[in-house]
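Below is one structure, written out as C-alpha cells; comments come after it.
Quick caveat: nothing in here was measured; it's all calculated off a predicted structure. We use all heavy atoms of the structure for the numbers below, so side chains are in, but hydrogens, waters and symmetry mates are not. The sequence lines fix the lettering, A, B, ..., with proteins before strands; numbering per chain opens at 1.
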2 protein chains.
Amino acid sequence: MASDQTRSAILAAAERLYADRGFGDVTLRDIVAEANVNLAAVNYHFGSKDELIAELFVTRSIQTNRERLNELRAAEENGGGRASIEDIMRALVGPTLRGCLGPDREGSTAARFMIRASIESVPPIRRIKNREVDHLRKFAAAMRRAMPASSDTELYWGLHFALAMAHHTIREKERLLRLSEGKCDLDDVRGIIDRVVTVSVMALTMGDVPSKPAPRTVAMHGRLTRQDL
Amino acid sequence: MASDQTRSAILAAAERLYADRGFGDVTLRDIVAEANVNLAAVNYHFGSKDELIAELFVTRSIQTNRERLNELRAAEENGGGRASIEDIMRALVGPTLRGCLGPDREGSTAARFMIRASIESVPPIRRIKNREVDHLRKFAAAMRRAMPASSDTELYWGLHFALAMAHHTIREKERLLRLSEGKCDLDDVRGIIDRVVTVSVMALTMGDVPSKPAPRTVAMHGRLTRQDL
DNA sequence: TTGCATTTCAAACATTTGTATGAAACTATC
DNA sequence: GATAGTTTCATACAAATGTTTGAAATGCAA
C-alpha cells in the first residue's frame, strides 16, 4: 500500500508512451525505463501487460462517460426533466471532441492516449469497448424522451452517426487537414461540435418529422453560417 | 515467372487469414501453412511481411477506388458532364458499403480483409492510407462542380462526414447491432447507403433537404435492459 | 546433356517479448 | 527489535517471430 507511487509511475509512463508512440511500438521495458521502476513491477502490480492497458483505458473511459452523463443531466435539469435532442447530442459528442481536439491536446496525454486507443484498437481495449454499450443506452433513453414520435431505429441510427462523425474526426483529423489543405479548422473545437450536433439533429429529424425541423438556429460559433440556409 | 502460383497462394492465404483472425493473430507460419508453401517463400516473393500486407491492401484499395470513380464517371456522363451531389456521395460511399456489408460478405474475403484493415490499422497499412488523399480530391472536385456556391470548407466537411458514417458503420456494425438489439437492419445495404447519402447531402446543403426519406419501421421486439459499468 | 537462372526447402538465426523466480530490501506490527 | 508481509530487483526463462542462409530442386535455353 505504501508504494502506490510505483503503480502510478507505471500508469503515467505507460499512458505517455502509448499516447506518443502507439501500442505497437512500446514494450514493457520501455515503460519501466520511463517510469524508473523494475521490469517485474508491471506484472507484480497489474498481473500482465494487457491488464495494465485495460486499466488505463477503463479509467479514461469512465472519466469520459462521467463527463457525458454530467452534461446530459445538467441539460435535463435545465430543461425541467427533459433535455432537447440538441443538448443530448451535444452531451454525447462534446466531451470526447473537446478532450481529443482541445487546445490542451499537446499537453493532455490522456486525450492522446484515447485517440491512440481509438485508432489502433488493441485486443484488451477491444474487449472493453464491446461491453461499453450500456452507457449509450442512457443516451438512447434520453433521446427517446426528447423525440417520443421517432422510432427506435431512427434513434439508434442518429446516435450511431453522431458517434461516427465525432470519432472519425478524431481519428482522421490529420488526413482531413491535409485533404482540405488547412481549410478545415480543426482547432475550432466549438465549431466542430456545433457542426456534428447540427448534422446529427438533422439526421434524426429528417425521417419522421411531424413538424418542420425549424432551420437550425443552433448557436454557431464557427464560420458555419453561410450562403445556404 | 513460372511460379506465380506460389505468390498468389500466399496472397490468397494471407488475405483469408487476416480477414478471419486479424493482423495481430496471424503469423507468417500460419500463412505459409495455409498456402502450403515454404516459410522462406514469403520473404523471397515479397521481401518482408509488411510488404506482403502492403500489397494486399494496395490491391484492394485500388479496386475500391476504381469502383468509386467508375460510379462517379457514370453519374457524370448520365448527367451530361455534371453529377448531382447526391450521386457523387453515393459513388463515394456506395462501393465500400456494398463491399463490406453486402450479402456476400461471408464469402468475400476481400471485403472482410478491408474491414480488418479499417479496424486494426497496422503500420504498413497506415502508411499507405496517409498517401491515399489524392483520389479523394477527384471527389472534392466533382462536388465543387455540383455545388459551386459552397465554400471548400463546407465541402470538405461534407466529404469527411460521409466517409465517417460509412466507415463507422462498417467498423462498428457489431456494436450498433447489439446496441439497437437488432432494430437497425445491417443487411439492408441499400437502405444504409440511402441513409448515409441523405444525411451527407443534408450536411452539405444545410437544411434545404430534397425529400428522400427512407425510414424503416421495425416492429419492436425485446426491451432495453439497464446495466452499469 | 550442359549450364545458368529461378524457385523451393529445411534449418538455423537473431531478436524481441512478456512473464516467472528467488533473493534482497523495505515496512509495519507486535 | 524480531517477524511477517509487502515490494523491489537482477536475472533467467520460454516462446514466438521475422528473417537469413546455403543447398537442393526445378525450369529453360543453347
Side-chain angles (χ1 to χ4, degrees), chain A residues 1-58 113 116-117 120-128, chain B residues 1-58 113 116-117 120-128:
Chain A
M1 278 301 174
S3 204
D4 247 3
Q5 82 183 46
T6 295
R7 228 187 108 91
S8 4
I10 292 174
L11 284 170
E15 183 167 51
R16 190 160 2 126
L17 289 181
Y18 284 143
D20 285 342
R21 291 158 39 191
F23 295 99
D25 287 346
V26 175
T27 73
L28 285 190
R29 283 169 177 81
D30 293 331
I31 294 173
V32 299
E34 179 85 0
N36 280 312
V37 301
N38 188 270
L39 174 61
V42 172
N43 287 279
Y44 178 78
H45 284 281
F46 298 92
S48 71
K49 180 197 183 186
D50 278 12
E51 290 174 85
L52 165 61
I53 295 179
E55 174 154 343
L56 280 171
F57 184 71
V58 168
F113 172 82
R116 284 284 183 191
E120 293 195 21
S121 188
V122 87
I125 289 182
R126 257 201 306 276
R127 277 194 287 273
I128 295 167
Chain B
M1 276 305 175
S3 204
D4 247 4
Q5 82 183 46
T6 297
R7 229 187 107 91
S8 1
I10 292 173
L11 284 170
E15 183 167 53
R16 188 159 4 125
L17 290 181
Y18 284 144
D20 285 341
R21 292 157 40 191
F23 295 99
D25 287 346
V26 175
T27 72
L28 285 189
R29 283 170 177 80
D30 293 331
I31 293 172
V32 298
E34 180 85 359
N36 280 312
V37 301
N38 187 269
L39 174 60
V42 173
N43 287 277
Y44 177 78
H45 285 282
F46 298 93
S48 70
K49 181 197 184 187
D50 278 12
E51 290 174 84
L52 165 61
I53 295 179
E55 174 154 342
L56 280 171
F57 184 70
V58 167
F113 171 82
R116 284 285 184 190
E120 294 195 19
S121 187
V122 86
I125 290 181
R126 255 202 308 276
R127 277 193 288 273
I128 295 166

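- Considering only residues two or more places apart in sequence or on other chains, E34(A) meets the side chain to side chain contact (heavy atoms under 4.5 Å, CB included) condition with A13(A), R16(A), L17(A).
- The side chain of H45(A) places an N or O atom within less than 4.0 Å of a non-bridging phosphate oxygen (OP1 or OP2) of dT8(D).
- If you measure from atom CG of D4(A) to atom P of dT7(D), you get 9 Å, rounded to the nearest angstrom.
- Nearest approach of L39(B) to L28(B), heavy atoms of both residues: CD1-CB, 4.0 Å.
- Atom CD1 of I10(B) and atom C1' of dT8(C) are 11 Å apart (whole Å).
- Checked against dT6(D), dG18(C), dT6(C), the side chain of Y44(B) finds its nearest nucleotide in dT6(C).
- Counting to the nearest Å, the P atom of dT27(C) and the CD atom of Q5(A) are 10 Å from each other.
- Summarising the geometry of A41(B) relative to V37(B), their closest heavy-atom pair is CB-CG2, 4.3 Å, with the distance given to 0.1 Å.
- Within residues 31-40 of chain B, the residues having any heavy atom closer than 4.0 Å to DNA chain D are, in order of number, L39(B), A40(B).
- We find that NZ of K49(A) is positioned 8 Å from P of dT17(C), with the value rounded to whole Å.
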With a cut-off of 3.5 Å and sequence neighbours excluded, list every side-chain donor-acceptor pair involving residues 121-128 of chain B.
{"residue": "S121(B)", "atom": "OG", "partner": "R126(B)", "partner atom": "NH1", "Å": "3.3"}
{"residue": "R126(B)", "atom": "NH1", "partner": "S121(B)", "partner atom": "O", "Å": "2.5"}

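- Judged as a salt bridge (charged side-chain N to carboxylate O under 4.0 Å, His left out), not a single pair has a partner in residues 36-49 of chain A (not counting sequence neighbours).
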Check the pair N38(A), T6(A) against side-chain contact (heavy atoms from CB on, under 4.5 Å), reporting the backbone distance first and the verdict last.
-> CA-CA 9 Å; N38(A) 188 270; T6(A) 295; over 6 Å; no
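- At whole-Å resolution of the value, CG in N43(A) and P in dT19(C) are 5 Å apart.
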Donor-acceptor list for residues 18-25 of chain A side chains, cut-off 3.5 Å, not counting sequence neighbours:
{"residue": "D20(A)", "atom": "OD1", "partner": "R112(A)", "partner atom": "NH2", "Å": "2.1"}
{"residue": "R21(A)", "atom": "NH2", "partner": "D25(A)", "partner atom": "O", "Å": "3.3"}
{"residue": "R21(A)", "atom": "NH2", "partner": "D30(A)", "partner atom": "OD2", "Å": "3.0"}

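- Straight-line distance from the CZ atom of F46(A) to the P atom of dG18(C): 15 Å, rounded to whole Å.
- Rounded to whole Å, the distance from CZ on R29(A) to P on dA10(D) is 13 Å.
- Separating the CG atom of D30(B) from the C1' atom of dT17(D) is a distance of 11 Å, rounded to the nearest angstrom.
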Stepwise, does the side-chain contact (heavy atoms from CB on, under 4.5 Å) test hold for E55(A) with R7(A)?
-> CA-CA 11 Å; E55(A) 174 154 343; R7(A) 228 187 108 91; 2.3 Å; yes
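- Minimum heavy-atom separation, L11(A) to L52(A): CD2-CD1, 3.7 Å.
- In the region residues 11-28 of chain B, proximity to DNA chain C at under 4.0 angstrom, judged on heavy atoms, holds for none of the residues.
- At least one side-chain nitrogen or oxygen of T6(A) sits closer than 4.0 Å to the OP1 or OP2 atom of dT8(D).
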